[in-house]
2 protein chains.
Amino acid sequence: MDFDVKFGNCPIYYTISKIEGKWKWVILYKLHKCKVIRYNRLWDELKPIAHRTLSRQLKELEADGLVHREQYNEIPPRVEYSLTLVGETLAPILELMSEWGAEQLSNAQFQHDG
Amino acid sequence: MDFDVKFGNCPIYYTISKIEGKWKWVILYKLHKCKVIRYNRLWDELKPIAHRTLSRQLKELEADGLVHREQYNEIPPRVEYSLTLVGETLAPILELMSEWGAEQLSNAQFQHDG
DNA sequence: CCGTATCCGTGCCGATACTG
DNA sequence: CAGTATCGGCACGGATACGG
């Protein structure tokens, strides 16, 4: 990564770069909430996400050490995703993000009703 | 926004959608740290960001009520950016993101130094 | 100093079909 | 069930030049 060249004094940029993309935070949040979740279940939760997109983001998250992939060689096949220990350290951020969104939504509600 | 149609039960998606883009979190963080900052100073801090990009993201953030823009009709002109009250409510998330990045960076350091 | 205008590349993301 | 292959659109972001 060319991170430290340009932004060595900016840790938040490291975080943003590591978890870039439209879906990654949501994926991480789902994993945090569900602990363990199968591929199709995750896909269901995130529809209308495309397979290609979900698959790729999961792979990147796995490569970055944030997500663990456990494959069972059964028929039909079963694959379960969960957060790694490092991934779990994001939990406070995920919770705050969710809370912030909820507050903004309820505020917007007041604006409408109020 | 088509948010509530598809993701009404997922507040974190609201947050992500609101603060989308490669730079927005970093911009918000800088504003949070500096309280008030002039355009060119911000641009300096975020180089190699392009003017077009910085300008647009600032406008979007302003339109979303997260950033306040104060213009002084002097010569030479002066424009100062700061967080709105709503923008300030993101402070805990920004701090956590920065801390998380710092931890990951120092961990990576340990891996190297062994 | 503080941006906008213009032009353009690229890479993210989606749809659909197909495989082990 | 759990993905990959292929194709393509389009919006995001960058470089540069110019305007108030």
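Letters A, B, ... are given to chains in the order of the sequence lines, protein chains preceding strands, and every chain is numbered from 1.
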Bounds of contact between DNA chain D and chain A, in 5' to 3' order, using a heavy-atom cut-off under 4.0 Å: D:dC1 to D:dC7

B:Arg69 CZ to C:dC1 P, straight-line distance once rounded to whole Å: 16 Å

Salt-bridge contact B:Glu80-B:Arg38 (side-chain N to carboxylate O under 4.0 Å): no

Euclidean distance, atom CD1 of residue B:Ile16 to atom P of C:dC12 [Å, nearest integer]: 17 Å

Touch class at under 4.0 angstrom, heavy-atom based, for B:Lys24 against every strand present: nothing

Donor-acceptor contact present, side-chain B:Thr84 to main-chain B:His68, <3.5 Å: no

Sub-3.5 Å pairs of nitrogen or oxygen atoms, protein against nucleotides 13-20 of chain C:
residue : atom : partner : partner atom : Å
C:dC13  : OP1  : A:Lys22 : N            : 2.5
C:dC13  : OP2  : A:Gln57 : NE2          : 2.7
C:dC13  : N4   : A:Arg52 : NH2          : 3.0
C:dG14  : OP1  : A:Trp23 : NE1          : 3.4
C:dG14  : OP2  : A:Trp23 : NE1          : 3.3
C:dG14  : OP2  : A:Thr53 : OG1          : 2.9
C:dG14  : O6   : A:Arg52 : NE           : 2.9

Proximity of A:Tyr13 and B:Trp23 rings by center, below 6.0 Å: yes

Distance in angstrom units between B:Lys59 NZ and C:dG3 P, rounded: 9 Å

Touch class at under 4.0 angstrom, heavy-atom based, for B:Arg41 against every strand present: nothing

Sugar-phosphate only, base, or nothing, as touched by B:Tyr72 at under 4.0 Å among non-hydrogen atoms: nothing

Side-chain donor or acceptor of B:Ser98 paired with backbone N/O of B:Glu95 under 3.5 Å: no

Please set out all donor-acceptor pairs under 3.5 angstrom arising from side-chain atoms of residues 49-65 of chain A, sequence neighbours excluded.
residue : atom : partner : partner atom : Å
A:His51 : ND1  : A:Tyr39 : OH           : 2.7
A:Glu60 : OE1  : A:Lys24 : NZ           : 2.6

Side chain B:Thr15, main chain A:Gly101, donor-acceptor under 3.5 Å: yes

A:Glu20 and A:Lys18 ion-paired at < 4.0 Å: no

B:Gln71 CD to C:dG3 C1', straight-line distance once rounded to whole Å: 10 Å

B:Arg41 atom CZ, over 12 foreign heavy atoms within 6.0 Å: no

